[in-house]
Amino acid sequence: MAQLLKVHGSENQFFILDQTALDHKLSADELTHLAQTICKPTSLLGGADGVLVVDQSDHKAALGRMEVVNADGSRASMCGNGLRCVSRYIADHSGKDSFKVETPAADLLVNRQPNLADNVFAFAVEISPVRYQKEAFPFDHLGMDQVMNQPLPALNDHLKFTTIAVPNPHLISFVDNDHDLNDTLGTLGKQLNEPNQYFPDGVNVNFAKILGQNQLFVRTYERGVGFTNACGTGMSATSLAFALNYPDMVDVNQPIEVTNPGGMVKTIVHPNDEHQWIELIGNATFTHQIDVDEAKLHAASVTADSVQVHDTGEEASYQAFIKSLQLN
Ligand SMILES: N[C@@H](CCC[C@H](N)C(=O)O)C(=O)O
């Protein structure tokens, strides 16, 4: 029997697949097909935003490798909420609490944190490298090489935008009303993740409300997914944009509290370091263990009636924790 784990960071839901525990690793095409199938909302346990593939790393400094397959089968260079979950998985298996994980662009430092509440496990992960030039996204036809708190009339008639790649691409805007946070975000997110001339590879679109000093609410329309409960790299990139665009509102020596539709994370931005980076701290919750025949993974035929699901009980603890925070 093989195993999948259903996990989340701020309710950004994933399946973890450990390739090292299989008799035969899934091929790239099989991974694409598996993600497209099991991430559907009508699929197992309500689907997910992506599959996190764990494998061995041949980098001396790293304890393991993470590959991110979005729900539509596309690949992402990074996933912040996912990295917290993968870090916990590797930590639980290796007995180590501080190490590096290989991702496509960098080996990133991760650290176990004290539990946020009883049975609510947490990790801090490094988000880097940070890039601003248009080639990193890529974007085109916007009339500039980088975008820092500027109007983009081609995209919208009243908002200002910032583009930051960490290194997956993010378009960020600070908004002050719910219409923009919901409708404008949905329309723009959809437009920029269909074939379009501005972001030919698509882009994660994050709209944020400033709630106070070092406090944000962030909502994300994710590339390869659509609306998500939370996007870790999106909240990290938006925190950096907050510090750069509203320096009076951010004390960079203190964590920024970032609430999202699925919960809350903390970020610590390092805009003044030679290589800018962000620390992302939040839950790494394992909600279900799923026993599945390995052949069904290869064939992407993982259905509710062909697997055995064990509820870990962690979701009830997470929900109690979120309720205790009394978020709006
Ligand atoms: N949810 C993620 C980001 C996942 C990748 C994204 N969809 C992309 O294609 O860049 C996160 O927590 O960072």
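Model, not experiment: these values are computed from the prediction. For ligands, and for the atoms within them, numbers begin at 1 and follow the listed sequence.
Scanning both residues, Phe161 and Phe207, for their nearest heavy atoms gives CE2-CE1, 4.2 Å. Scanning both residues, Glu126 and Leu83, for their nearest heavy atoms gives O-CD2, 4.1 Å.
At the top of the distance list for atom 12 (O) of ligand 1, counting protein heavy atoms only, stands Gly232 N, 2.6 Å. For atom 2 (C) of ligand 1, the nearest non-hydrogen atom of the protein is Cys79 SG, 3.2 Å. Nearest protein heavy-atom contact of atom 6 (C) of ligand 1 is Asn204 OD1, 3.4 Å.
In this structure, Asn70 has a heavy atom closer than 4.0 Å to ligand 1. Judged by the shortest distance from any of its heavy atoms, Gly224 lies outside the 4.0 Å radius around the atoms of ligand 1. Ligand 1 has at least one atom lying under 4.0 Å from a heavy atom of Met78.
Considering backbone and side-chain atoms alike, Gly80 places an N or O below 3.5 Å from some N or O of ligand 1. The distance criterion of under 3.5 Å between nitrogen or oxygen atoms is not met by Gly234 with respect to ligand 1. Considering backbone and side-chain atoms together, Asn168 places an N or O closer than 3.5 Å to an N or O of ligand 1.
Both cation-pi conditions hold for Arg219 and Phe227: the charged atom is under 6.0 angstrom from the six-membered ring centre and inside a 45 degree cone around its axis.
Under a 4.0 Å criterion applied to the non-hydrogen atoms of Ala76, ligand 1 contributes the atoms 5 (C), 8 (C), 9 (O), 10 (O).
Under the 4.5 Å side-chain heavy-atom criterion for grouping Ile, Leu, Val, Met, Phe, Trp and Tyr, Val166 is connected to Val250 within one hydrophobic cluster.
With respect to the salt-bridge test (charged N to carboxylate O, under 4.0 angstrom), the residues Asp97 and Arg112 qualify. Between Lys25 and Glu67 there is no salt bridge, since none of the side-chain N atoms of the basic residue sits less than 4.0 Å from a carboxylate O of the acidic one.
Both the backbone and the side chain of Thr233 come within 4.0 Å of ligand 1, counting heavy atoms alone. Residue contacts with ligand 1, taken as heavy atom pairs separated by less than 4.0 Å, involve Asn81 via backbone and side-chain atoms alike. Heavy atoms of Glu222 found under 4.0 angstrom from ligand 1 belong exclusively to the side chain. Within the 4.0 Å heavy-atom criterion, neither part of Thr228 lies near ligand 1.
Applying the side-chain contact (heavy atoms from CB on, under 4.5 Å) test between Leu17 and each of Leu5, Leu22, Leu52 identifies Leu22 as the sole match.
Ring centers of Phe139 and Phe199: under 6.0 Å apart, within the cut-off.
Taking the six-membered ring for Trp and thresholds of 30 and 60 degrees, Tyr89 and Phe286 have ring planes inclined between 30 and 60 degrees apart.
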